[in-house]
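Notes to accompany the following structure.
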Protein chains: 2
Amino acid sequence: MPRATAQAASHGPRDDDKRERILAAALEAFSAQGFDGATTREIATRAGVNLGLIQYYFEGKENLWRAAVERAFEQIRESLAPVLSDPSLTDEDARTRSVIRAWVRFVATRPEFVHLMHDEGRRDSPRMRWLVDNHVRPLYDGICGMLTRAQEQGRLPADIDVVHFHYIVVGATSLIFHQGEECKRLTGVNPADEAVIEQHATAVETLLLGPPSKETPR
Amino acid sequence: MPRATAQAASHGPRDDDKRERILAAALEAFSAQGFDGATTREIATRAGVNLGLIQYYFEGKENLWRAAVERAFEQIRESLAPVLSDPSLTDEDARTRSVIRAWVRFVATRPEFVHLMHDEGRRDSPRMRWLVDNHVRPLYDGICGMLTRAQEQGRLPADIDVVHFHYIVVGATSLIFHQGEECKRLTGVNPADEAVIEQHATAVETLLLGPPSKETPR
DNA sequence: GTCTATATTATGATAGAC
DNA sequence: GTCTATCATAATATAGAC
């Protein structure tokens, strides 16, 4: 690790071209094949760059994975931020419903994200610990706060630990997209279709909080 | 593939010792590390047998995986069969609730099963197709029949395609156990605890079908 | 920064003795 | 049936030229 210590941390404005392409290809590969199944060779090929560059920029597969995951979590924060701070959402119930719908749309659009989470959350490992401590926990705290308020206000059963609701909501919203290919073969339904995404959001919303009001915000 | 063609298909009553141990170790390894992450060497070591025996009995990693999966599905069928044919369950609602609870207990007890499904359902592959066509579809048909009847009887919203309910139920019930290690680190809650399992079953049951009646069958 | 080797492992599979 | 080699391959990582 002689070189690329300072460079890897912060980059100038215009040396990012190939680095970016590697990152994008890595996110695709890791989410499609998992950490073990993905190969640095394939990532380099799909990014159209030389294998050595991965080493130069990221100092190895493990670090490349971390960088790709950081990228994925930036995207999710960007997707949820507008809803979380939307001033037009007056009551808590409307906001909860909006967050759920925004979340469903996000996981539907970026199943890579779901894949990464399902892959790494399943066993104890340095990657899992890093993921939880650096990225999952803030997200979890936000979701739990939202769900806890719903419990306090009687919109969700109060006698059940919020942990359950969290995994129920995340599982219920994301599995159909995580298993998108299976779903297509098993049922003929394509979870990437716009109409299917909206139906799924409605289904989860209904089961969790009751049927949506007439004028659901699109 | 000179030898082991007839033997691998059917075995005598008492030559199964090492073959069984390989199978058990394989199920553990594949579910813990995924197909790519698991190695035949590790499986052999954990089974306490020689590496060559895997080749002898299963003719390769792919076939070993299939055999391990068959095993897992036998277990799930055994777990659900008693509930599905329990004559003491008079009305449909009680049966639906029992099936959900039995399912939760199964995935909680055998998270390996969930791991396998989540691993292989995520992308199109020969393994995925084999899994869906041979094992998932019968299970899916059963679950859908149950959910469709619930819709017809007004116990579930009728205006939502049953596909959504299927993935919602499976996702809601299984994610906390699939991400068991993550859950422990993130929340301090251990999903393997008896009380946690029952709480989770109750939570899903409540959200889907409404609060359980007083005398819930244990 | 980017590329071409190449070193080093580790893995799935095979051959063949016992 | 079970074991001990060993092969062939593929993957990560490194060294060093340009």
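What you are looking at is a predicted structure, and each value in this text was computed from that prediction instead of being measured. Computation of the quantities below employed the complete heavy-atom set of this structure, encompassing side-chain atoms and omitting hydrogens, waters and symmetry-equivalent molecules.
A donor atom on one side chain and an acceptor atom on the other are found under 3.5 Å apart for B/R101 and B/T202. Neither side chain, A/R110 nor A/S79, offers a donor N or O lying under 3.5 Å from an acceptor on the other.
OP1 or OP2 of C/dT2 has at least one side-chain nitrogen or oxygen of A/Y57 nearer than 4.0 Å. A sub-4.0 Å separation between OP1 or OP2 of C/dT11 and a side-chain N or O of B/T40 is absent.
Contacts classified as salt bridge (Lys or Arg N to Asp or Glu O under 4.0 Å) and involving residues 169-183 of chain B (residues at least two apart or in different chains) are given here: B/E181-B/K184.
Distance CD1 (B/I22) to P (D/dG1): 12 Å, rounded to an integer number of Å. Rounded to an integer number of Å, the gap from OH of A/Y56 to P of D/dG16 is 18 Å. Between the CG atom of A/N63 and the C1' atom of D/dT14 there is a distance of 16 Å, given to the nearest Å. B/F58 places its CZ atom 16 Å from the C1' atom of C/dG12, with the value rounded to the nearest Å. In this structure, the NZ atom of A/K61 is 16 Å from the P atom of D/dA10, given to the nearest Å. Atom CD of B/E59 and atom P of D/dG1 are 14 Å apart (whole Å).
Not a single donor-acceptor pair under 3.5 Å links the side chain of A/K18 to the backbone N or O of A/A47.
Here B/F177 and B/H200 bring their ring centres to under 6.0 angstrom of each other.
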Scan nucleotides 4-6 of chain D against the protein and return all N/O pairs shorter than 3.5 Å with their distances rounded to 0.1 Å.
unit_1: D/dT4; atom_1: OP2; unit_2: B/N50; atom_2: ND2; d: 3.0

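Atom CD of B/Q179 sits about 11.5 Å away from atom CZ of A/R123, to the nearest 0.5 Å.
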